[in-house]
Structure formats: structure tokens, C-alpha cells
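Naming: A, B, ... by sequence-line order, numbering from 1 per chain.
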Amino acid sequence: MAERTAVLGVGQTKYQTTRGDVSLPGLVREAAYRALEDAELGWDDIDAVVVGKAPDFFEGVMQPELFLAEALGAVGKPLLRVHTAGSVGGSTAVVAASLVQAGIHRRVLTLGFEKQSESNATWALSLPQPFSVSINAGAGGYFSPIIRQYMARTNAPELIGCMVAFKDRQHALRNPYAHLQQQDLTFDQVVESPMLWEPIRFSETCPSSDGACALVLGDEAAGDASTKPVAWIHGAALRSEANNFPGRDEVNPQASRDCADDVFAQAGITDRRGEIDEVEIYVPFSWYEPMWLESLGFCEIGDGWKLVEEGATHLDGGDLPVNCSGGVLSSNPIGASGMIRFAEAALQVRGMAGDHQVDGARKAFGHAYGGGAQYYAMWIVGSDKPTS
Amino acid sequence: MAERLRADLVLEYPFTRTTGPVIGAFLTGLREGIILGIRRPDETVLCPPTEYDPESSVPLTDLVEVGPGGELMSWTWVDPPRAQSPWDQPHGLGLIRLDGADTPMVHGLLVDGPDQLSVGMRVTARWRPEREGHIADLEGFVPEGADQ
């Protein structure tokens with residue numbers, strides 16, 4: 001049986017457009033230090049470090065994990081790098097957890113980061129490839145036809161995406177770490193914002209952020225020894241598929257469904273909507289909230305937009321609050337964005353999510369996807385130790 | 001017969017970099033014509049400086065001026081320099097431990113030939129007249145007394 005594993009500490013930087021006051025090492029140090037502080041541990045207590053970020057081309061620093069070893073207290077310790085595009089923050093946490101679950105290490109520091117102010121993601125995602133033609137679409141251009149396919153399949157009303165964006169920006173006002181703090185934003189302003197890639201409006205997209213997020217994971221003894229509430233990992237799963245093959249369902253990819261089935265089975269959860277108290281899904285473009293709610297089995301296929309419309313995913317009054325932190329739509333340091341989902345799920349079940357806490361949350365779901373919706377990472381954390 | 005495909009690939013983007021409090025101070029020092037190292041808790045001095053201790057990972061903040069003279073600890077001769085080299089003449093590359101520092105830094109040795117270099121010799125910094133906060137503000141190192 002796998003070693004029971006807990007999130008002992010969470011550290012985040014304030015997400016913002018430019019952190020001109022810190023270098024890359026200074027940025028990751030801030031998050032790592034805060035996670036250790038939250039876990040009430042020191043650098044010497046950490047056995048291994050697992051780092052994730054989006055492709056090296058983003059900042060143009062090759063193998064930055066080596067350059068960051070000193071800032072992360074990793075000198076002389078195992079240091080792993082995980083690569084799974086935008087899902088990497090989630091995948092990194094799953095890899096780090098596996099090192100504890102396998103009994104290899106007792107306490108692991110894991111961290112994701114991005115300094116988008118020093119890079120250009122759209123450029124890096126649209127690099128020309130030899131012997132092929134680049135359509136230079138960037139992420140929005142890639143995903144908008146898939147969203148249109150979802151709308152056509154489900155007859156979703158046109159403004160569902162705007163409702164998601166407005167909700168997440170309202171949630172962000174209750175999270176001091178969130179990048180976008182749009183106090184005066186109205187729903188009409190979201191609707192009237194410029195259309196970028198039909199049906200995606202400007203206000204339905206994520207910002208470009210600098211930031212880092214870190215977790216300290218520990219084994220059962222470390223979890224038991226913590227003086228603060230910890231988040232116990234009830235399930236953790238990864239799946240991948242090619243981003244292009246005949247017959248691929250791009251709206252609801254098999255890798256997404258398989259990953260969800262695996263993680264819910266590990267956690268022994270049969271009623272997904274009923275048993276999960278808070279959901280942190282990777283939603284860089286608003287429509288991905290209803291799309292993932294369906295793919296993840298929180299509702300029937302075709303019903304995701306109805307949850308949005310009836311307010312089920314709102315922190316105030318919803319039975320399945322989604323992205324209470326404000327989500328990727330409010331903060332997007334790409335390499336950290338997946339880990340922020342996992343971290344926020346942990347904060348919820350620890351009762352430490354502050355003004356965006358879901359009252360009495362006992363089980364929460366963290367999710368990340370990346371590439372051409374082809375890499376998936378998911379975990380379920382709970383206030384109580386898993387029974388199996 | 002199968003044709004071999006060939007394609008050029010040029011990738012170009014103007015990256016930016018935030019230097020932070022330590023590397024930023026080091027580069028600012030170069031612009032002003034001084035070389036900064038940083039003191040570790042055990043009183044030894046690293047040059048070039050780092051933000052975090054390379055062994056214990058503690059943050060380092062105590063910047064100290066070092067050099068401009070120092071000792072040549074090791075060297076190699078480059079002739080001819082390659083097209084990408086910062087120097088267009090044959091030159092040495094050396095590990096130079098600056099006075100006041102405990103670790104050596106790599107830089108160019110601006111002499112006419114390898115017979116003018118030896119381990120343990122004294123060298124000193126030669127600055128460019130126009131400086132912009134870049135490692136190349138230091139044109140290189142020359143034997144002590146050579147620029148007098």
C-alpha cells in the first residue's frame with residue numbers, strides 16, 4: 001500500500017504583471033520560503049525538490065531548475081524537473097507526491113513558477129517548426145474552434161463564458177494573491193469587451209502573470225506531527241494523449257476522462273458533485289469551466305453550462321463552488337498555474353483559504369491541463385486521512 | 001530516389017531579465033568601475049556574487065568591494081579566437097581570484113602571447129571607457145603594472 005501523504009505547507013507569491021523587484025531565484029525563493037514557514041519546517045527538513053515550469057523557451061533560461069538549485073535549498077539533494085506544458089504545475093505536484101507515496105522520501109518541496117514579464121508565451125507557443133507551416137494562432141486561436149464545437153453540441157447560450165469570467169473575477173476579489181483585482185467590473189463590461197477569437201472575448205481570457213507557488217509534502221508521520229491542519233492526498237493521477245489523431249474528441253478528450261475516473265476511484269468517490277466541496281479547475285478561457293465540469297463527470301454531458309447558469313459554481317450559494325481563488329482567469333503564471341489549483345484545493349480542506357473559504361470544505365479537487373488539451377493532472381485532497 | 005529535405009530555422013525574441021538585488025548590484029558596480037563580491041556567513045567572499053549561499057542556501061546580502069588586482073589561478077590560450085568570442089585577438093582565458101575574494105572568476109587575459117602567463121602571477125582589471133552595467137565592461141585582465 002502506498003504511504004499516506006499530506007500537504008504540510010503552501011506558499012504563494014502575489015501574482016502580478018511584473019515582479020521587477022526580484023530575480024527568478026528571488027521569486028521562487030519567496031514561494032518556497034512561505035511554504036516552509038507554513039509547514040513550520042526548515043530547509044534541512046526537505047529530502048528532495050521537484051520543480052515544474054512551462055517550456056524553457058518562455059524565459060529563454062535552459063534547464064532553469066539547475067540555476068535555481070541554491071535558491072531552493074536543493075544543493076546536494078535530488079532535484080527533479082517536470083515538463084508537461086501548461087499542466088506542469090499539477091503534474092509536478094503529482095510527481096512530488098509519488099516520491100512520498102512510494103516511500104522514497106519523507107518530505108518533498110515542490111514548486112512551479114513563471115516570470116511572464118521576461119517572456120512572451122504567444123511567441124514561444126507559436127515557434128516555427130521545420131517542414132511545417134505555423135498558423136501563429138497562440139493558445140486562444142487553438143482553443144476557440146474547440147469551444148465553438150462545444151457550443152454547437154450542447155446548444156449552450158452565448159453568454160455562459162461571460163458568466164464564468166465575471167464569477168471568477170468576483171472570486172478573485174476575495175483572494176489577496178490573485179492578480180486581477182477588478183473591483184468595479186460589471187457583467188456588461190465583460191460582455192462588451194473586445195472579441196479576440198470568437199467566441200472568446202478579452203475579459204474571458206487569463207492575464208499574463210509573474211509568480212510562483214510551492215507545496216511541502218510529507219509522509220503520514222510528518223502529517224500526524226503537524227500542529228496545523230494538513231491536506232491528505234486521497235488520489236493523484238496523470239494522463240496524456242497526442243494532440244492530433246483521427247477520431248480524437250477535442251471537446252472531451254479520453255485522457256481527461258480516464259484521468260478523472262482514475263483519481264475518483266482512488267478516492268473512493270462515486271457521487272462526484274455531492275462529495276466534492278470545492279473544485280479548482282484549470283480554466284484559462286472561460287468556456288473551459290462547463291467543458292471540464294462535463295468531462296470530469298461533475299454533471300451529465302451537455303449539462304455543464306447549466307451549472308454555470310444556475311450559479312452552482314459560485315462561492316456564494318453554489319453547491320459546487322469552482323475556482324474560489326479566482327482561478328487561472330484571474331492569475332496565470334503559467335508554470336505555477338496548475339500547482340496553484342492543487343494548492344488552493346489543499347487550503348480549502350485545511351480551512352485556510354481566508355475570505356474565499358468554502359464553509360466546512362472536507363474534500364476538494366485540483367486540476368490542470370496543458371498543451372493542446374492533451375496533458376492532465378488531477379488530485380483530490382481531504383481534511384481526513386484516507387481510509388485505504 | 002528519396003529527396004533529403006533541408007530547412008532553415010531562425011528563432012529570435014528579445015528576452016528581458018530582472019537581475020534582483022545582488023546580480024543587479026554587481027552589474028551596477030561594473031558600470032561604476034568597481035567589482036563587488038558577497039560575504040558568506042563563514043566570512044569567505046564569493047566573486048562573482050550569488051543571491052543564495054551555494055552550500056547552505058541562506059540568502060547573502062553583505063556586498064563587499066574586491067580587486068581590481070588578483071592572482072591568476074589557471075589559464076588557457078585561445079588562438080585564433082572563434083567568431084563568437086568577445087575578443088578578436090588571440091588571448092588567454094583565466095581563473096582570477098581577486099584580492100578580497102575566495103573564489104575565482106573567469107575572464108579574458110589580454111597579453112601578446114602565452115609566454116607572458118603563469119599560474120600565480122598578479123593581474124589587474126582593464127576597464128572599458130564606456131560602461132553599461134555588463135560583464136564586458138571589464139575588457140579583461142592584464143599583468144599588474146602593464147597599464148601604468
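The main-chain N or O of A/V328 is never found under 3.5 Å from a side-chain atom of A/S331 such that the two would form a donor-acceptor pair. Of the possible donor and acceptor atoms, none in the side chain of A/S119 sits under 3.5 Å from a partner among the backbone N and O of A/E59.
For A/D44 and A/R107, the salt-bridge test fails: no basic side-chain N is under 4.0 Å from an acidic carboxylate O. A salt bridge between A/E65 and A/K53 is absent, with no side-chain N of the basic residue lying under 4.0 Å from a carboxylate O of the acidic one. A salt bridge links A/K115 to A/E118: at least one charged side-chain nitrogen sits closer than 4.0 Å to a carboxylate oxygen.
Neither the backbone nor the side chain of A/Y33 has a heavy atom closer than 4.5 Å to any heavy atom of chain B. Using a 4.5 Å cut-off between heavy atoms, B/V22 does not touch chain A at all. Proximity to chain A (any heavy atom under 4.5 Å) is shown, for B/P59, by both the backbone and the side chain. Contact of B/D8 with chain A is not made at all, since no heavy-atom distance falls under 4.5 Å. Proximity to chain A (any heavy atom under 4.5 Å) is restricted, for B/L9, to the side chain, taken from C-beta onward. Heavy atoms of B/E51 lying under 4.5 Å from chain A belong exclusively to its side chain. Only the backbone of A/D21 comes within less than 4.5 Å of a heavy atom of chain B; no side-chain atom from C-beta onward does.
For the set B/T18, B/T16, B/D53, the count of heavy-atom pairs under 4.5 angstrom toward chain A peaks at B/T18. Of the residues considered (A/G76, A/S117, A/A74, A/A71), A/A71 shows the highest number of contacts with chain B, using heavy-atom pairs under 4.5 Å.
Under the side chain to side chain contact (heavy atoms under 4.5 Å, CB included) rule, A/F113 has a single partner from A/V28, A/D210, A/I334, which is A/V28.
Between the side chains of B/T50 and A/E70, not a single donor N or O lies within less than 3.5 Å of an accepting N or O.
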